[in-house]
Asker: 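This structure is in structure tokens; I'll ask about it shortly.
Below, chain A is the first sequence line, B the second, and so on; all start at residue 1. The analysis underlying the following values was restricted to heavy atoms, covering all of them including side chains, and did not include hydrogens, waters or symmetry mates.
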Amino acid sequence: MDESPELVSLRNGTKVTIRPMVAGDGPALLSFFRGLPQEDRQFLRDDVTRPEVIERFVAKLDDDSVIPLVAEHEGRLVGDGTLHRTRHGWEVHVAALRVVVARDFQRSGLGTALAHQLVRRAVGLGLDKLVAEVVDNQIGARRAFEKLGFHQEATLKGHVKDIHGAKHDLVIMANDVSHIWERMEALVADYSPTAGD
Amino acid sequence: MAKSEIRVGGLGGQGVILLGHIIGKAASIYDSKHATLIQAFGPEARGSACSAQVTVADEAIGYPYVKNPDFLVIMSPDAYTQFAPQLKPTGTLLYENELITIDDRLPAGARALGIPATRFAEELGRRLVLNIVMVGFFAGVTGLLSKDAMEKAVKGSVPKGTEELNLRAFRKGYEYGVELIGAATVTG
């Protein structure tokens with residue numbers, strides 16, 4: 001897989017490097033997560049303000065069921081994107097995308113750029129379907145995923161609570177990327193172009 | 001004039017023609033050589049015998065048909081049965097070794113090198129890239145064309161969005177081929 005860093009230009013012209021997470025990212029990652037507002041951290045699965053949680057993330061870099069990317073600007077981590085897949089069982093063709101962006105980099109296109117990289121990597125891994133979870137009021141995130149080919153596939157009513165205890169719907173967005181391989185299937189068909197003439 | 005004749009054989013749906021096309025493209029577009037491609041299809045869209053004849057040379061090629069190839073790339077037992085006897089005694093057979101068993105059809109003196117290409121393709125995520133694993137294996141074993149030219153030909157021949165996995169498939173086959181040749185040189 002192409003692991004080389006990619007320089008991305010955001011809407012306001014800021015340049016950010018998106019690259020795979022490395023073992024030395026632990027301290028910067030902890031600072032990044034601790035810098036997120038509580039309301040943003042509320043929707044994450046782990047308490048990412050705890051060093052041991054970050055150490056666990058970094059320790060899993062050799063685990064090919066998680067593909068983590070980070071976005072870096074002037075030595076500071078400003079975004080985190082991960083692709084999660086299972087290596088066995090009935091969901092082996094599916095991966096979940098998770099993207100988190102620093103508050104001062106939100107609405108800059110960074111989330112879309114991170115998600116785009118994850119989608120590209122997922123296709124490169126031969127996966128068929130991608131899913132992302134978005135809270136109903138995260139309009140920007142929903143639009144970003146829609147731009148990348150995701151659509152609303154399911155809604156879990158009152159499934160998540162914000163920091164004030166208010167319940168929100170969790171929207172499951174999905175993107176069937178298997179169609180990309182239909183053209184490859186046609187290409188390897190070895191079918192005479194004149195057959196049937 | 002240096003000239004190499006290659007026969008690719010397999011079943012419809014394995015990407016036999018694309019495999020031959022990529023070798024020819026690497027030679028003619030990216031490695032400044034000459035190449036020709038002849039393709040033969042069975043009557044069915046899938047599953048019937050299918051083959052490609054590729055000639056690569058330093059100069060213009062006057063006769064594009066391959067009767068006794070220097071390299072035989074085989075991906076199905078039927079193709080092995082049909083084409084193995086035609087391989088030059090000094091030639092090399094590259095074959096899918098979990099689908100094909102070598103027997104006395106192979107001319108004495110010919111070298112046979114196998115790769116579990118289908119399994120590798122499945123492990124990479126798509127059985128569909130079996131032929132690209134074979135392209136990489138061909139490049140790694142023969143050294144006939146530069147790795148760079150072959151990679152460019154792979155990238156330029158597959159649909160947009162599939163380049164990354166196809167290049168991984170190429171590199172898997174290439175590395176396996178280079179290692180196999182290295183091991184054969186050490187033990188041989």
Asker: What residues form a salt bridge (charged side-chain N to carboxylate O under 4.0 Å, His left out) with A:Glu39, not counting sequence neighbours?
Answerer: A:Arg103

Asker: Return the option, out of A:His93, A:Arg183, A:Met184, with the maximum number of heavy-atom pairs under 4.5 Å with chain B.
Answerer: A:Met184

Asker: For chain B, find its close neighbours in residues 46-66 of chain A: heavy-atom separation under 4.5 Å, sorted by number, or none.
Answerer: none

Asker: How would you list, in number order, the residues of residues 142-180 of chain A that have a heavy atom less than 4.5 Å from chain B?
Answerer: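 Within residues 142-180 of chain A, near chain B: A:Ser178, A:Ile180.
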
Asker: Check this for me, if you would: do B:Asp103 and B:Arg105 make a salt bridge, where the nitrogen-to-carboxylate-oxygen distance has to be below 4.0 angstrom?
Answerer: yes

Asker: Evaluate whether atom NE2 of B:His34 has more than 12 neighbouring non-hydrogen atoms of other residues, nucleotides or ligands under 6.0 angstrom away.
Answerer: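 Result for NE2/B:His34: enclosed.
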
Asker: Between B:Lys3 and B:Glu59, is there a salt bridge with N-O shorter than 4.0 Å?
Answerer: no

Asker: Does A:Gln138 reach the main-chain N or O of A:Ala141 with its side chain, forming a donor-acceptor pair under 3.5 Å?
Answerer: no

Asker: I'd like to know whether the aromatic ring centres of B:Tyr176 and B:Tyr174 sit less than 6.0 Å apart in this structure.
Answerer: no

Asker: Is the NZ atom of B:Lys172 crowded by more than 12 outside heavy atoms at less than 6.0 Å?
Answerer: no

Asker: Using heavy atoms and a sub-4.5 Å threshold, report which of residues 118-133 of chain B line up against chain A, by residue number.
Answerer: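 Under the 4.5 Å heavy-atom cut-off, B:Leu124, B:Gly125, B:Arg126, B:Leu128, B:Val129, B:Asn131, B:Ile132 qualify.
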
Asker: Would you mind checking if A:Glu72 and A:Arg19 are paired as a salt bridge, meaning a charged N to carboxylate O distance below 4.0 Å?
Answerer: yes

Asker: Run the salt-bridge test on B:Arg168 and B:Glu163 with the 4.0 Å N-O cut-off and return the result as yes or no.
Answerer: no

Asker: Mark yes or no for whether A:Arg11, through its side chain, and A:Arg107, through its backbone, hold a donor-acceptor pair below 3.5 Å.
Answerer: yes

Asker: Would you find more than 12 non-hydrogen atoms of other residues, nucleotides or ligands less than 6.0 Å from B:Lys147 atom NZ?
Answerer: yes

Asker: When you look at NZ of B:Lys155, are more than 12 heavy atoms from neighbouring residues, nucleotides or ligands closer to it than 6.0 Å?
Answerer: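 12 or below, so no.
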
Asker: List the steps, then state whether salt bridge (Lys or Arg N to Asp or Glu O under 4.0 Å) holds for B:Arg171 with B:Glu151.
Answerer: CA-CA 9 Å; B:Arg171 287 166 194 155; B:Glu151 282 197 346; 2.8 Å; yes

